[in-house]
A.B. asks: 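Structure provided below as structure tokens; questions to follow.
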Amino acid sequence: MSIFAIGDLHLSMAPDNEKPMDVFGDRWFNHAERIGKNWQARVTDRDTVVVAGDVSWGLKLEEAAYDLDWIDRLPGCKVILKGNHDLWWSGITRLNSMYDSITFLQNGSFEAEGVYICGSRGWITPDDGDFRTSDEKIYRRELLRLEASLASAPKEAEKIGFLHFPPAAGPGFFSGFMQKFEAFAVKEVYYGHIHGMEGFRNAIQGSFHGINYRLISADYLNCEPLKIR
């Protein structure tokens, strides 16, 4: 029984909704097929897979359902967080009534193998040069959602943190998300959203303030879920 993680599946299986990802580089060539093949080779029905957002290009749930059905058919228990491109995400109660093998995580936590999966979408952080006044409200809301998720787990339990967005603008920066993880004694945080070689080079990786951060976007992982437990 293991825990795996991957982000940014960027699926588009609904009819008339195809969005080829290989226009963004060779790492995206046949990415859905490769993710499925690697997933089935590594993951069993007794394992848990955390998907850190940007699951589907569908604009509505009816379109995203083609991609969610595909994920549902893959082995394991899945925990899905929201990404910035998951515009279909609406109504957590409705989402969590759709599939037996998928839990959509928002404001809560999920226990797997004795540890608690906690997290939120996150957002662009104030240390980023592109941060605007319009981002402030969303940033503050995501901080509250992350805190609610972390607080929902037993106080003394081991927690693993997840975000879709990176926790800060880059190495050497600090944000409210990182502060929340520290306050709840989280030792590992995984995130996606970052793509391309330049992005990979500038990503937050390794130990910062006693927390180990790891990028798990699908193209960075070469479309293979990462075993984290």
Side-chain angles (χ1 to χ4, degrees), residues 1-19 32 35-36 39-40 42-123 138 141-154 157 159-165 184 190-193 216-218 225 228-229:
M1 295 180 284
S2 302
I3 302 175
F4 294 84
I6 190 170
D8 305 85
L9 304 187
H10 286 295
L11 302 173
S12 57
M13 298 180 178
D16 303 319
N17 192 44
E18 293 184 9
K19 187 177 178 70
I35 289 170
W39 188 313
Q40 293 182 72
R42 301 206 69 195
V43 179
T44 74
D45 282 331
R46 301 175 66 193
D47 298 329
T48 299
V49 183
V50 184
V51 182
D54 278 5
V55 174
S56 171
W57 284 112
L59 298 179
K60 298 179 180 179
L61 183 56
E62 291 75 15
E63 295 173 332
Y66 287 87
D67 304 318
L68 297 173
D69 289 350
W70 182 82
I71 294 171
D72 180 51
R73 292 191 293 269
L74 292 171
C77 178
K78 304 91 180 180
V79 181
I80 295 179
L81 285 77
K82 185 179 182 180
N84 60 302
H85 288 299
D86 291 321
L87 303 180
W88 50 270
W89 185 294
S90 178
I92 192 65
T93 301
R94 179 187 180 188
L95 290 175
N96 276 323
S97 70
M98 291 177 62
Y99 301 97
D100 290 336
S101 81
I102 301 176
T103 296
F104 296 88
L105 194 68
Q106 182 174 291
N107 300 328
S109 56
F110 183 89
E111 189 274 331
E113 309 306 321
V115 301
Y116 283 78
I117 307 301
C118 303
S120 77
R121 174 181 57 177
W123 197 249
I138 305 173
R141 184 180 65 202
E142 290 299 322
L143 283 174
L144 291 174
R145 284 181 169 169
L146 176 59
E147 182 174 16
S149 177
L150 292 163
S152 72
K159 305 169 186 68
I160 303 177
F162 284 87
L163 295 169
H164 172 65
F165 280 85
F184 283 86
Y190 299 87
Y191 68 95
H193 188 69
I216 55 166
S217 53
I228 64 174
R229 276 291 190 282

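Here, residue 1 is the first one in the sequence, and each next residue gets the next number.
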A.B. asks: Among side-chain atoms of Ser149 and Ser120, is any donor-acceptor pair under 3.5 angstrom?
C.D. replies: no

A.B. asks: Is there a side-chain contact between Val50 and Ile160, using heavy atoms and a 4.5 Å cut-off?
C.D. replies: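 The answer is no; the side chains never approach within 4.5 Å.
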
A.B. asks: Report yes or no: does Arg229 contribute a side-chain atom to a donor-acceptor pair with the main-chain N or O of Glu113 at less than 3.5 Å?
C.D. replies: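 Side chain of Arg229 to backbone of Glu113, a donor-acceptor pair under 3.5 Å: no, none is there.
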
A.B. asks: Identify which one of Ile80, Asp67, Leu87 satisfies the side chain to side chain contact (heavy atoms under 4.5 Å, CB included) criterion when paired with Ser56.
C.D. replies: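 Testing Ser56 for a side chain to side chain contact (heavy atoms under 4.5 Å, CB included) against Ile80, Asp67, Leu87 leaves exactly one candidate, Asp67.
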
A.B. asks: How many angstroms lie between atom CZ of Phe110 and atom CG of Leu81, to the nearest 0.5 angstrom?
C.D. replies: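 That separation rounds to 12.0 Å.
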
A.B. asks: With Tyr99, which of Leu95, Ile102, Asn96 fulfils side chain to side chain contact (heavy atoms under 4.5 Å, CB included)?
C.D. replies: Ile102

A.B. asks: Any side-chain to backbone donor/acceptor pair from Lys159 onto Ala157? Under 3.5 Å, distance only.
C.D. replies: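 Indeed, once roles are kept as given, a pair shorter than 3.5 Å links the two residues.
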
A.B. asks: May I ask you to decide if Gly114's main-chain N or O and Glu111's side chain share a donor-acceptor pair within less than 3.5 Å?
C.D. replies: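 Pair found, side chain donor or acceptor close to backbone of Gly114.
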
A.B. asks: So for atom CZ, which belongs to Arg46, do other residues, nucleotides or ligands contribute more than 12 heavy atoms lying within a distance under 6.0 Å?
C.D. replies: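 No, the 6.0 Å shell around CZ holds no more than 12 heavy atoms from other groups.
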
A.B. asks: Return the CG to CD1 distance between Leu163 and Ile216, rounded to the nearest 0.5 Å.
C.D. replies: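 So the gap between those two atoms works out to 10.0 Å.
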
A.B. asks: Give a yes or no answer on whether the side chain of Asp45 reaches the backbone of Gly76 with a donor-acceptor pair at less than 3.5 Å.
C.D. replies: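 Indeed, once roles are kept as given, a pair shorter than 3.5 Å links the two residues.
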
A.B. asks: Okay, side chain of Asp86, backbone of Val55: is any donor-acceptor separation there less than 3.5 Å?
C.D. replies: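 Checking the backbone N and O of Val55 against the side chain of Asp86, a donor-acceptor pair under 3.5 Å is found.
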
A.B. asks: Describe, in one word, how the ring planes of Phe104 and Trp88 are oriented to each other, choosing from parallel (under 30°), tilted (30 to 60°) and perpendicular (over 60°).
C.D. replies: perpendicular

A.B. asks: Taking all non-hydrogen atoms of both residues into account, name the closest pair between Asp8 and Ala218 and its distance.
C.D. replies: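 Scanning both residues, the minimum pair turns out to be O-CB, 3.5 Å.
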
A.B. asks: For the atom pair CD1 (Ile71) and CH2 (Trp39), what is the distance rounded to the nearest 0.5 Å?
C.D. replies: 6.0 Å

A.B. asks: Does Met98, at its CE atom, have more than 12 non-hydrogen atoms belonging to other residues, nucleotides or ligands within less than 6.0 Å?
C.D. replies: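 Atom CE in Met98 is packed in, count exceeds 12.
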
A.B. asks: What heavy-atom pair brings Arg42 and Pro225 nearest, and what distance separates the two atoms?
C.D. replies: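 Closest approach of Arg42 to Pro225: NH1-O, 3.0 Å.
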
A.B. asks: Show, in sequence, the C-alpha distance, side-chain angles and deciding distance for Glu142 and Arg145, and conclude whether the salt bridge (Lys or Arg N to Asp or Glu O under 4.0 Å) test is met.
C.D. replies: CA-CA 5 Å; Glu142 290 299 322; Arg145 284 181 169 169; 3.4 Å; yes

A.B. asks: Using 0.5 Å steps for rounding, measure from the CD1 atom of Ile117 to the OG1 atom of Thr48.
C.D. replies: 7.0 Å

A.B. asks: Where the side chain of Asp69 meets the backbone of Tyr66, is there a donor-acceptor pair that is under 3.5 Å apart?
C.D. replies: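 No; judged by distance alone, with no hydrogens or angles, the pair does not exist.
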
A.B. asks: Keeping the roles fixed (side chain from Ser12, backbone from Trp57), state whether a donor-acceptor pair exists under 3.5 Å.
C.D. replies: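 No, because the side chain of Ser12 does not come within donor-acceptor range (under 3.5 Å) of the backbone of Trp57.
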
A.B. asks: So, applying side chain to side chain donor-acceptor pair (under 3.5 Å) with His164, which one of His85, His193, Arg121 is it?
C.D. replies: His193

A.B. asks: Measure the spacing between CH2 of Trp70 and CG of Leu9 and express it to the nearest 0.5 Å.
C.D. replies: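 Nearest 0.5 Å value for the CH2-CG distance: 6.5 Å.
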
A.B. asks: CG/Asp54 to CG/Leu11 distance, rounded to the nearest 0.5 angstrom?
C.D. replies: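 Answer rounded to 0.5 Å: 10.5 Å.
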
